[in-house]
Structure formats: structure tokens, C-alpha cells
Amino acid sequence: MFDRKLNMDSIFHEKQEGSLCAQHCLNNLLQGEYFTPVDLSSIAHQLDEEERMRMAEGGMASEEYRTFLQQPSGNMDDSGFFSIQVISNALRVWGLELILFNSREYQSLMINPINEKAFICNYKEHWFTIRKLGQQWFNLNSLLTGPELISDTYLALFLAQLQQEGYSIFVIRGNLPECEAEQILGIMRVHQQQRPKLIGEDEAQTSAGRSAAQSQVDMTFAVEDEVVDEDEELKKALALSRQDIDVEDEEADLRRAIQLSMQGAVMSNKPSESEMGNVKLASQAAGSSAVGQRAGQNEALTAEELRKRRQAYFDR
């Protein structure tokens, strides 16, 4: 009998460190420590040099060439961000290719997303991987505390949500290197009772709790202080009460901001058959023609409608 927890533990999941999400994205895709910041920097420098040589062909004394030399690299920066060109070249080493998910060329193939092997997603310089291991899909976002199981029916909805929120999604084509998780999960499916949290989510909640508790203590001392007159006491109590609300609102805003930055990194159990229609509609909004089209649905769903459907989907 296989231990389901051990099966989940077999999945390689590199967590966020600094701004090295491109490295984490690649390693989580390949399921191992295949790339370091030095490796990706080397690729970026090589791309920079190739671009410089092309610009030099127009004349090293030209204004365009001098301007190019003064500009920072477009393939990397000091924070650890790497461009799509760097990621593409890194994957080419393994014989892997990137195809834009919502391109006409790809959509014309009419391939159901669940029949693919992996996707990488990018939004505002954050990269993360969605990969199939065995017969199950996992969100391997480095901003999460661990891998997140995604059901087949939820995958199309997840991709649709990401597209609505501005993500660029790329399909991975080619043979991914063999890994332990693929072998183990190919034998037995896993179940996830509790979705992973965002890194720092517990700390944010604990901090909010400490702030609220301290506010309550301060209010108690203020009430018991007989030296201060009643009017001043009432003013302090009201001010502290407002401060308590502001702290909670700020922490809530912080959590929402983090959640939006990693764009839809939530999981849901497989929906009932009555909910399949909602998944199909969301898949149409993403341009996924592999999910059946419903008669009379001619307009693309808005991001707000998708969010409402997802929320109703989770509340089940």
C-alpha cells in the first residue's frame, strides 16, 4: 500500500527565493535542480552578446549601436528576473519547445489542455509551472508552500481565469526528463485534503492576530484609567477601535494582493456533473475548443463572471 503523503512528497517543488521565479519555474517543470542563477545568467549574457553583434552590423559608430550599449540587458536584471528568451533557450537544451497557448496556430489544433504535459505561465515578471505527473495535474507555483492538486475539469477553468487576468501561457512540447514523481504517481493517484497556502500567509494572519490582541489590551487599560476623564476615554476607545479595523483591513488587502500576484493559485475538488456546464463556459472564454460548446453562448465571459463562477465552484 502506497503512502499518499509520501507520493505528494515525491514531487519536486522549489519555493520562492528572492526574484528567482524563472529558475524555480524551470526546475519545477523539469522536477530537479537543473538550473542555477549562474546558468541562466550565462544564457542571458550569451543572448546579450548575440544582440550586440547584430546591432554592430549596422556600424559600431552608429547612434543606434551607441544607444544599445547604454541600455540595460533585456534578458535579465539585478533582481533575478530572466526573459522568455532565456527560458526558451534553457528548455531547448532538453529538446523542449514553447508554444503560445492562445495563438491561432495552437488553437487551430483543437487540443484539450488535459492532453498536454505542462504549461508555464507569466504575469508581471512572475513565472510558474503547471505540470501533469502521472495522470494528475499540479500547480507548482513557487509562491505556494507546496504542490497544489488540480482536477482535470478544473484545469480548463484555471487556464481561463489566468488568461482573463493577463497571464501569458505557454504549452511545453517535447519529452520531459524522467523523474521520481512521474513514476510513483503513474502507479497510484493522490488526494489532497487541504490546499497549500501562500508563502507568508500564516505569518500575515499571526501578525494580524497579535495586532488585534494588543489593541484589545490597550483598550482595557484605557477603560481602567480613572485619571483620564470620560470624554478623553471615549475618544481613545474609538480611535483604538478604528485602528483595530484598519489593521484587519490592511492585512486582508495584503493577502488579496499576494493572491492576485500569483493569479488564481487555489485548488478545488472535482465538481459534480451539474457544475460541468460552468467549466465548459469558462473554457470557451480561454479559447479552449476541446471542451464542448454550448448553444446560444456567443459572448466571452468577463473576468468578474469567471471569478463568480470559481467562487461558487469552491463554495460547493
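Everything quoted here is computed from the prediction, not taken from an experiment. Computed from heavy atoms alone, side chains included, the values below leave out hydrogens, waters and symmetry copies. The first residue of the sequence shown is numbered 1, and numbering continues consecutively from there.
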F138 vs L149, side chain to side chain contact (heavy atoms under 4.5 Å, CB included): CA-CA, chis, key distance, verdict: CA-CA 5 Å; F138 296 88; L149 181 63; 3.6 Å; yes
Main-chain N/O of R189 paired with Q135 side-chain donor or acceptor, under 3.5 Å: no
Path from F35 to L91 over hydrophobic side-chain contacts below 4.5 Å: yes
Side-chain donor or acceptor of H13 paired with backbone N/O of N141 under 3.5 Å: yes
Listed once per pair and sorted, the salt bridge (Lys or Arg N to Asp or Glu O under 4.0 Å) pairs that draw on residues 14-32, sequence neighbours left out: none
CG/N175: more than 12 non-hydrogen atoms of other groups inside 6.0 Å: no
Straight-line distance of S168 OG to F119 CZ, nearest 0.5 Å: 14.0 Å
E165 side chain vs L162 backbone, donor-acceptor pair below 3.5 Å: no
Where P196 and G146 come nearest, the two heavy atoms and their spacing: CG-O, 3.3 Å
Salt bridge (Lys or Arg N to Asp or Glu O under 4.0 Å) contacts touching residues 177-186 (sequence neighbours left out): R131-E182
Residues forming a side chain to side chain contact (heavy atoms under 4.5 Å, CB included) with E50, sequence neighbours excluded: Q46, L47, R54
Close aromatic pair by centroid cut-off 6.0 Å: W94 and Y34: yes
Pairwise side-chain contact, L133 with C179, heavy-atom cut-off 4.5 Å (strictly under): yes
Residue pair I11 / L185, side-chain heavy-atom distance below 4.5 Å: yes
Straight-line distance of L96 CG to I120 CD1, nearest 0.5 Å: 10.0 Å
Salt bridge (Lys or Arg N to Asp or Glu O under 4.0 Å) against E33, all qualifying residues, sequence neighbours excluded: none
Inter-residue atom distance N28.CG - C21.SG, 0.5 Å rounding: 11.0 Å
Option among T129, I172, L176 that satisfies the side-chain contact (heavy atoms from CB on, under 4.5 Å) test with L30: L176
Contact check, side chains of F158 and N139, non-hydrogen atoms, under 4.5 Å: yes
For F170, all residues meeting ring-ring contact (aromatic ring centres under 6.0 Å, His included), sequence neighbours excluded: none
Y167 ring center near F128 ring center (under 6.0 Å): yes
Side chain W137, main chain Y154, donor-acceptor under 3.5 Å: no
Test item: S88 side-chain N/O and I84 main-chain N/O as donor-acceptor pair under 3.5 Å: no
Heavy-atom donor-acceptor pair, K197 side chain to T145 backbone, under 3.5 Å: no
Salt bridge (Lys or Arg N to Asp or Glu O under 4.0 Å): pairs with one or both residues in residues 91-106, sequence neighbours excluded: none
